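The structure appears below as structure tokens.
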Amino acid sequence: MADKVKVEFELQMGEEGVRVAVSVPVAPVPVRRMLPLFQGLANQVVDAAVLDATKRDEEVSCKAGCGACCRHLVPISHPEARQIRALVDAMPEPRRTEVRARFAAAVARLEAEGLLPDVRGFDKLAQQEFLTVHPRYFKLGIPCPFLEDESCSIYPNRPLICREYLVTSPPELCFDVASPKVKRIPMPTFVSLAVANLEGTDPSDSRLALVLALEWTDAHAADAETTRPATEWIDALLEGLARKAPANNP
């Protein structure tokens, strides 16, 4: 029997459509194995949004060397946390130890500032509460553990929401997280959110802060990952793409 099956689908978003044709495993797999496909889909959705912005004479101002958004409270899904853990574990020394130390330093700083409980549970917070946590987090200036020379050192493997966060306003405005002048490119849908909800977990507890990825995977090392045929994961993702993004979406 063939070990793969071809899947084709299209997302219609305004005037633009995103078409995907890919071969996926027939055997059940965890969501983590599907992330390369979902990352590619997110890239296509973002490209469509950027094209729309270009038609409005707006240009993406994000570029290497501007790491303001890399100091946000970045929400990632459980599968992405596992992917990040695998990525770090596969790094050669001494880089692996250095990156692990950055994760540990971020957790220690949050604990010292009394913000760790809120960051651990940010997805459960009411909107008004979250709106106070994110600026407090940003004010601490904690860089993403993968930020080096103000650029992403894992750019091809960066989280889904990092792909979906683009602005057309001047880069210097991004260093004021509360500035109403920061203009994000609107996304027609959020692949990051749909992926976070794939495993059937509590929607209010389906994401975690990127800086807690190693802490979370340590705590859940014994948990078995849910597996399903890849075609079922894709069907579930497409259903989720129609849902509205939550307010707690930095």
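Position 1 is the first residue of the sequence; numbering continues from there. Since the model is a prediction, treat every value here as computed from it, not as a measurement.
Taking the six-membered ring for Trp and the full ring otherwise, Phe138 and His72 have centroids separated by under 6.0 Å. Ring centroids of Phe190 and Tyr165 are separated by 6.0 Å or more, keeping the two rings apart. In this structure, Phe122 has its ring center at least 6.0 angstrom away from the ring center of His134.
In Asp218, the CG atom is crowded: over 12 heavy atoms of neighbouring residues, nucleotides or ligands sit closer than 6.0 Å. More than 12 heavy atoms of other residues, nucleotides or ligands shown are found within 6.0 angstrom of CD on Glu172. Within a 6.0 Å sphere centred on CZ of Arg136, other residues, nucleotides and ligands contribute more than 12 heavy atoms. Around the OH atom of Tyr155, the shell of radius 6.0 Å holds no more than 12 heavy atoms that belong to other residues, nucleotides or ligands.
A salt bridge is defined here as a Lys NZ or Arg NE, NH1 or NH2 lying under 4.0 Å from an Asp or Glu carboxylate O, and Arg100 with Asp89 meets this definition. Salt-bridge check for Glu98 with Arg95: failed, with every basic side-chain N at 4.0 Å or more from each acidic carboxylate O. In this structure, Glu199 pairs ionically with Arg82, as a charged nitrogen and a carboxylate oxygen lie closer than 4.0 Å. In summary, Asp176 and Lys181 do not engage in a salt bridge, as defined by a charged side-chain N under 4.0 Å from a carboxylate O. Salt bridge annotation for Glu215-Arg120: present, with a cationic side-chain nitrogen under 4.0 angstrom from a carboxylate oxygen.
Using modelled atom types, one side-chain atom of Glu80 and one backbone atom of Ser77 make a donor-acceptor pair closer than 3.5 Å. A donor-acceptor distance shorter than 3.5 angstrom exists from the side chain of Ser151 to the backbone of Gly65, with no hydrogens or angles considered. Panel note: side chain Trp233, backbone Thr227; no donor-acceptor pair is recorded below 3.5 Å. The backbone N or O of Lys183 lies less than 3.5 Å from a partner atom in the side chain of Ser169, making a donor-acceptor pair. Proximity of a side-chain donor or acceptor of Arg163 to a complementary backbone N or O of Asn43 within less than 3.5 Å is not detected. No donor-acceptor pair closer than 3.5 Å links the side chain of Glu113 to the backbone N or O of Leu110. A side-chain donor-acceptor contact under 3.5 Å links Arg109 to the backbone of Leu140. Distance alone, capped at 3.5 Å, places no donor-acceptor pair between the Arg228 side chain and the Pro30 backbone. A donor-acceptor distance shorter than 3.5 angstrom exists from the side chain of Ser153 to the backbone of Phe146, with no hydrogens or angles considered. Here the side chain of Ser61 pairs a donor or acceptor atom with the backbone of Val167 at under 3.5 angstrom.
In this structure, Thr168 OG1 and Ile185 CD1 are separated by 6.0 Å, a value rounded to the nearest 0.5 Å. Between Leu41 atom CG and Leu241 atom CG the span is 6.5 Å, to the nearest 0.5 Å. For the atom pair Trp216 CH2 and His78 NE2, the distance stands at 5.0 Å (nearest 0.5 Å). Rounded to the nearest 0.5 Å, atoms CE (Met34) and CD (Glu232) are 11.0 Å apart. Taking CD1 of Ile84 as the reference point, atom OG1 of Thr217 lies at 9.0 Å (rounded to 0.5 Å). The CZ atom of Arg102 lies 12.0 Å from the CG atom of Leu214; values are rounded to the nearest 0.5 Å.
Take Asp57 and apply the side chain to side chain donor-acceptor pair (under 3.5 Å) test, not counting sequence neighbours, and it matches no residue. Residues that satisfy the side chain to side chain donor-acceptor pair (under 3.5 Å) test with Glu59, not counting sequence neighbours, are absent from this structure.
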Please test Leu160 against Leu193 for side chain to side chain contact (heavy atoms under 4.5 Å, CB included), starting from the C-alpha separation and ending with a verdict.
CA-CA 9 Å; Leu160 292 164; Leu193 179 61; over 6 Å; no
Between Cys152 and Leu147, is a side chain to side chain contact (heavy atoms under 4.5 Å, CB included) present by the stated rule, with each step listed?
CA-CA 5 Å; Cys152 179; Leu147 184 66; 5.7 Å; no
Test log, rule side chain to side chain contact (heavy atoms under 4.5 Å, CB included), inputs Ser23 and Val5:
CA-CA 5 Å; Ser23 294; Val5 61; over 6 Å; no
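Between the side chains of Glu164 and Ser192, at least one donor N or O lies within less than 3.5 Å of an accepting N or O. Counting only N and O atoms by type, the side chains of Thr97 and Glu93 include a donor and acceptor under 3.5 Å apart.
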